[in-house]
Amino acid sequence: MDWFAAHAGRAQPTRKGEGGGTPDSPDDATIIASRDQSGGRRATQMRLQQGRTIVWIPVSLVCGLTAYFSLAIEPGTAVGAIMLLLVAGLLLAAIRGRAGAASVLVGFGLAGFVLGQADTVATGTRVLPASTGKVTVSGWIDEVGPAIGKRRRMIVAIDVINEVKPQYWPGRARLSVSNDHVGTHVRGDYVTFQAWLYPPLTPAIPGGWNYGRVGWFDGIGAGGRVASALARNDAKPGRPRWSDRLADLRAGMAERIRAHLPKREAGFAVALITGERTGLDNDMREALQLSGLAHILAISGLHMSLVAGGVFWLVRALLALWPMLALNYPIKKLAAMAALAAAGFYLLISGQAIATQRAFIMLSVMFLAVLLGRSAISMRNLAIAAVVVLLIAPQAVLTPSFQMSFLAVMGLIAGYELLGGWQTGFRAGLASRPLYLRVLILILLMLAGLSITTIIASAFTTLPAAFHFNRFAAWALPANLLAMPVVTFLVMPAAVASVCAMPFGLEYWPLQVMARGLEAVQSIAVMVSGWPGATKVAGAMVPQLAFLSGISLCFLALWRGSLRWAGGGMAVLAGFAAIALGSRPDILIERTATTMAARMQHGELVPVYARRGRFAVERWLLADGDDAEMGQAAKRSGWTCADDMCRGQVQGKSVLWLGRKATPPHDCRTVDIVISANPLRRTCGYPTSRQLHIDRFDVWRHGAHAIRITAEGKLEVTTARGLSGTRAWVYAPVARRKILQVDPGPWVEKPGTGATTDEKTAQ
């Protein structure tokens with residue numbers, strides 16, 4: 001029994017004699033009436049929630065998963081076992097009708113925690129804990145990405161690393177490789193080559209996005225750079241898989257597209273059809289982000305709905321032309337089956353991203369509802385899709401793709417549920433209108449619907465966009481009003497036609513039509529991105545308050561009744577508070593200490609150099625709410641630099657930064673804060689309670705550092721590894737000599753490799 005239904009209509013009884021008067025007295029009558037009215041409002045609210053427990057289940061799962069991933073230490077198996085017993089008890093009580101919705105949702109929250117822990121145990125990725133220098137690697141090619149300039153990305157399933165002890169071999173490695181070194185090798189080949197290997201990336205800023213965790217759940221335990229040509233090794237056979245055939249199909253489709261279109265439009269078309277975005281022009285990618293059109297690149301509900309909906313409409317229309325079929329067979333159900341098959345094919349060729357999985361699952365539920373004669377689009381369908389996605393990939397709860405996709409669709413369904421009655425009545429009144437007026441009104445309704453869709457989707461995705469990317473588009477509404485009709489009526493139909501025509505070699509003309517539409521979309525993106533204030537920078541947010549804001553958005557969308565608007569108000573308040581109270585350190589140090597930035601006298605971050613550590617510095621500026629480019633920020637006053645050494649004053653503290661080529665000066669013992677890209681080895685003396693030394697060994701152990709100087713002059717230091725906690729995906733660094741078979745002698749890092757290469761690969 002639904003808990004809301006069971007409790008609907010229960011008003012709080014009054015206690016006899018309460019208030020000190022008789023029930024017939026005017027004051028008591030007023031009190032009783034007030035309570036009856038209050039109880040009636042509560043009963044009405046509960047009555048509106050009847051049958052809504054299922055839509056709250058994914059929210060409970062999200063809460064449990066978030067609680068698990070937020071822990072500072074990895075919980076023991078006993079914790080998961082106890083929670084699993086509690087889940088079983090609550091499930092049994094619910095089956096027997098002794099537990100209401102509140103208990104059921106608590107059970108699903110605990111189940112989310114157990115699910116996250118079970119997925120972590122099952123993943124168990126082996127991680128390389130130290131840089132290796134040049135080593136000889138043998139393994140199977142799992143993936144070869146498209147060329148990006150002179151290099152490309154390759155993922156290798158490691159079999160043997162000759163110079164490394166077997167207990168330290170990672171499961172898979174993501175490597176940067178020259179196009180010339182790849183040669184004719186394909187997925188599944190067993191190859192041998194030389195490479196520099198590095199541990200997974202740690203966050204660029206303490207508390208920031210953990211690329212190492214993402215790679216860990218993908219089975220990636222190392223990064224690196226290939227140093228020699230790949231040589232086919234006959235010691236072990238290759239292992240081709242069905243996924244390799246699918247990848248080859250996607251690559252072949254991409255090549256056919258590139259053969260017929262200019263480079264810029266080809267990269268855009270490949271991204272929309274196959275999901276491969278590496279060939280997209282960087283300037284175009286930036287323009288799409290600034291204009292609020294970047295969602296076009298994410299193959300999600302929009303693209304899946306256009307493909308499946310277009311196939312559904314076309315098949316149903318063609319079958320309706322045959323009277324014998326239309327009168328004797330359920331052509332609507334046949335069209336639904338064809339549309340589902342088209343959506344499944346699109347899922348396979350588009351890379352199976354989280355948003356695409358959600359869209360396919362929801363479309364599958366929708367078309368299944370059509371086959372069973374039920375309502376096609378509902379919040380329950382979205383809840384089922386969310387649960388399935390979380391069961392397949394529990395770690396997806398942390399990704400912006402999952403959060404933005406489900407929040408946007410949740411908001412759209414809730415919004416159109418509110419507008420549904422009005423829209424139906426309005427359309428019914430059009431029948432008596434003249435034809436020209438009906439056409440005009442329908443066009444206006446279409447534009448109004450597009451505007452409402454953009455406003456709702458933007459409102460519900462602004463939070464995850466600000467949290468993960470620290471910025472959001474200010475002109476998303478006009479950009480979408482201009483671009484989405486082109487995408488809907490020109491680009492995607494032409495994309496479907498080109499894919500259907502490829503087996504017959506007739507894709508040229510559909511691709512040309514698609515290219516014209518993409519040119520229009522690109523022009524709109526460039527125009528809107530150039531408008532004043534096209535992007536707003538939010539800065540770092542407090543995770544707890546951001547989570548509260550997200551749950552409040554769910555309440556706004558899922559709760560029925562006037563109380564839902566309190567969720568909207570709480571979402572806005574918590575979101576602004578999360579931004580206002582976000583961390584703004586005074587000093588930030590990159591994970592290898594080869595660059596740093598400090599908040600100078602004008603209150604803005606100033607990096608020591610304009611070229612080093614671009615990836616990290618760009619993350620720092622965005623997290624600080626600063627939309628300046630790295631070069632602009634480096635031109636700000638504050639640092640005095642010479643001979644790879646910089647000095648400055650930060651909040652009354654003297655700061656000295658020493659690069660790789662710098663020699664510690666004689667007065668470094670008197671400096672309050674010394675940061676060195678090399679080991680200091682006490683050359684600047686011993687640090688005191690008011691003096692801080694951070695060198696190459698410190699960042700090697702703890703990753704990126706953030707320093708906050710309090711009003712009392714105290715130094716508060718946080719580190720990336722410290723905030724990441726002791727989790728399964730957080731490796732403990734070890735000395736290089738401990739993982740190698742033979743002591744390699746002094747460490748010499750190859751120029752042009754290391755953190756910068758790994759960062760580009762991780763992106």
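These numbers come from the heavy atoms of this one structure, side chains and all, not from hydrogens, waters or symmetry mates. Note that the structure is predicted; figures quoted are calculated from it, not measured. Throughout, numbering of the chain's residues begins at 1 and tracks the sequence.
Here the side chains of Met541 and Leu463 are in contact, with some heavy-atom distance below 4.5 Å. A heavy-atom distance below 4.5 Å is found between the side chains of Phe360 and Leu340. Proximity of Asp626 to Val537: side-chain heavy atoms (C-beta onward) are nowhere separated by under 4.5 Å. Under the 4.5 Å side-chain criterion, counting only non-hydrogen atoms from C-beta, Phe268 is in contact with Val521. For the pair Val499 and Tyr346, the minimum side-chain heavy-atom distance is 4.5 Å or more. The shortest distance between side-chain heavy atoms of Leu272 and Leu518 falls below 4.5 Å. Residues Val214 and Trp209 form a side-chain contact, since some pair of their non-hydrogen atoms from C-beta on lies under 4.5 Å apart. Using a 4.5 Å heavy-atom cutoff, the side chains of Cys554 and Met410 are in contact.
No more than 12 heavy-atom neighbours from other residues, nucleotides or ligands sit within 6.0 angstrom of CD on Glu629. Enclosure of atom CH2 in Trp565 is not indicated, since only 12 or fewer non-hydrogen atoms of other residues, nucleotides or ligands lie within 6.0 angstrom. No more than 12 heavy-atom neighbours from other residues, nucleotides or ligands sit within 6.0 angstrom of CH2 on Trp475. Applying the 6.0 Å contact sphere to CE of Met570 captures no more than 12 heavy atoms from other residues, nucleotides or ligands.
A donor-acceptor pair under 3.5 Å links the side-chain atoms of Thr399 to the main chain of Ala396, judged by distance alone. A donor-acceptor distance shorter than 3.5 angstrom exists from the side chain of Arg52 to the backbone of Leu558, with no hydrogens or angles considered. Put simply, the side chain of Ser70 gets close to the backbone of Thr66: a donor and an acceptor are under 3.5 Å apart. Under a 3.5 Å cut-off, the side chain of Trp313 and the backbone N or O of Ala308 do not form any donor-acceptor pair. The main-chain N or O of Phe402 is never found under 3.5 Å from a side-chain atom of Ser405 such that the two would form a donor-acceptor pair.
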Candidate pair Tyr416 and Ile452, rule side-chain contact (heavy atoms from CB on, under 4.5 Å), full reasoning: CA-CA 9 Å; Tyr416 280 99; Ile452 293 171; 4.2 Å; yes
Working for side-chain contact (heavy atoms from CB on, under 4.5 Å), residues Val513 and Trp509: CA-CA 6 Å; Val513 174; Trp509 288 112; 5.7 Å; no
Candidate pair Leu482 and Met527, rule side-chain contact (heavy atoms from CB on, under 4.5 Å), full reasoning: CA-CA 11 Å; Leu482 293 171; Met527 177 185 67; 3.8 Å; yes
Residue pair Ser552, Leu548: steps toward the side-chain contact (heavy atoms from CB on, under 4.5 Å) verdict: CA-CA 6 Å; Ser552 299; Leu548 175 61; 4.2 Å; yes
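The minimum heavy-atom distance linking Phe467 with Ala546 is given by the pair CD1-CB, 3.7 Å. Closest non-hydrogen pair, Ala520 versus Val486, comes out as CB-CG1, 4.2 Å. Here the closest heavy-atom approach between residue Val397 and residue Gln403 is recorded as O-NE2, 2.9 Å. Of all heavy-atom pairs spanning Ala494 and Pro510, the tightest one is CB-O, 3.5 Å. The two residues Ala515 and Leu261 make their nearest non-hydrogen contact at CB-CD2, 3.6 Å. Here the shortest heavy-atom pairing between Ser458 and Ala476 reads OG-CB, 4.0 Å.
Here Arg153 pairs with Glu143 in a salt bridge; the nearest charged N to carboxylate O distance falls below 4.0 Å.
Figure legend: Arg619 and Phe615 shown as a cation-pi pair, the cationic atom lying under 6.0 angstrom from the six-membered ring centre and within 45 degrees of its axis.
Within the model, atoms CG of Leu290 and CG of Asp627 stand 10.0 Å from one another, a figure rounded to the nearest 0.5 Å. With values rounded to the nearest 0.5 angstrom, Ile413 atom CD1 is found 5.0 Å from Leu382 atom CG. Atom CE of Met502 sits about 5.5 Å away from atom CG of Leu511, to the nearest 0.5 Å. Between the NE2 atom in His468 and the OG atom in Ser401 there is a gap of 10.0 Å [rounded to 0.5 Å]. Taking OG of Ser291 as the reference point, atom CD of Gln522 lies at 11.0 Å (rounded to 0.5 Å). In this structure, the separation between CG on Asn470 and CD1 on Ile579 is 9.5 Å, given to the nearest 0.5 Å.
The stretch residues 259-273 participates, sequence neighbours left out, in these side-chain hydrogen bond (donor to acceptor under 3.5 Å, both in side chains) pairs: His260-Glu507.
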List the atom pairs, donor and acceptor, that lie under 3.5 Å between side-chain atoms in residues 57-65 and the rest of the protein, sequence neighbours left out.
unit_1, atom_1, unit_2, atom_2, d
Ser60, OG, Trp56, O, 3.4
Ser60, OG, Leu105, O, 3.2

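For the side-chain contact (heavy atoms from CB on, under 4.5 Å) with Ile273, the qualifying choice from Arg256, Arg250, Met492, Met514 is Met514, the only one to do so.
Outside the 6.0 Å centre-distance limit, the rings of Phe460 and Phe406 are not counted as a close aromatic pair.
Side chains of Gln289 and Arg471: a donor-acceptor N/O pair is present below 3.5 angstrom, by distance only.
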